[in-house]
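As structure tokens, the structure follows; a few thoughts come after it.
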Amino acid sequence: MVSIGISSIELSSYRDQHFKGTRSEHDKKLRNSSTLYVGNLSFYTTEEQIYELFAKCGEIRRIIMGLDKYKKTPCGFCFVEYYKRADAENCLRYINGTRLDDRIVRTDWDAGYLKGRQYGRGKTGGQVRDEYRTDYDMGRGGYGKLIQQKLGTEVPTFLR
């Protein structure tokens, strides 16, 4: 017998630092959520590509693309909301760690999408991890933002 609200997929150690509430409230929301955070996406991955892959696990309510808060361009993450918790669990089981646009996709539970969370939280508008990256990653805009600023470079215009 399966208990409602108890998942066979354990929660990761990551916790949203901007969550308004206690850690136990956050954990409870995570245990009952049917929303996933999807990371390590290429800046060029489309919503249609995400839908095509993630719909293999169940019916999707909506996809919210992560955007650079200043440029309003994709910045490598999204939220996928399923109608059913079981479909989200299947996604964590079968899609997490697979390739999309030649990148290994990372999925994790999310407490539920709230307006405004679609924007990157980094100082430059994108994801924090992309500010400090020292490697060259064309799928994520080249070098990290801080190195780009030092070098005076950005993504070539023909690739934007």
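What you see below is based on every heavy atom in this structure, not just the backbone, and it leaves out hydrogens, waters and symmetry mates. In this text, all values refer to a predicted model and were calculated from it rather than measured experimentally.
For D110, the salt bridge (Lys or Arg N to Asp or Glu O under 4.0 Å) partners at least two apart in sequence or on another chain are R117. By the salt bridge (Lys or Arg N to Asp or Glu O under 4.0 Å) test, R99 pairs with D102, sequence neighbours left out.
Other residues, nucleotides and ligands contribute only 12 or fewer heavy atoms inside 6.0 Å of the CD atom of E52. Crowding of K84 atom NZ: a count of heavy atoms from other residues, nucleotides or ligands under 6.0 Å not exceeding 12.
In the hydrophobic clustering of ILVMFWY residues, with side-chain heavy atoms under 4.5 Å counting as a link, L100 and Y51 come out together. If you chain together hydrophobic residues whose side chains sit under 4.5 Å apart, Y37 and L114 never meet in one group.
In this structure a side-chain-to-backbone donor-acceptor pair under 3.5 Å is missing from Q49 to E47.
One distance of note links CG of L92 with CD of E10; it measures 11.5 Å at 0.5 Å rounding. To the nearest 0.5 Å, the span separating CD on Q118 from SG on C78 amounts to 12.0 Å. Separating the CG atom in N96 from the CD1 atom in I104 is a distance of 9.5 Å, to the nearest 0.5 Å. Considering NZ of K29 and OG of S24, their distance stands at 12.5 Å, rounded to 0.5 Å.
The ring-ring contact (aromatic ring centres under 6.0 Å, His included) test with Y113 singles out one residue from Y82, F77, F79, and that residue is F79.
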List, one per line, each side-chain donor-acceptor pair under 3.5 Å for residues 54-66, sequence neighbours excluded.
residue: R62; atom: NE; partner: E81; partner atom: OE1; Å: 3.2
residue: R62; atom: NE; partner: E81; partner atom: OE2; Å: 3.2
residue: R62; atom: NH2; partner: E81; partner atom: OE2; Å: 3.0

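In this structure, R85 is positioned above the aromatic face of W109, its NZ or CZ under 6.0 Å from the six-membered ring centre and within 45° of the axis.
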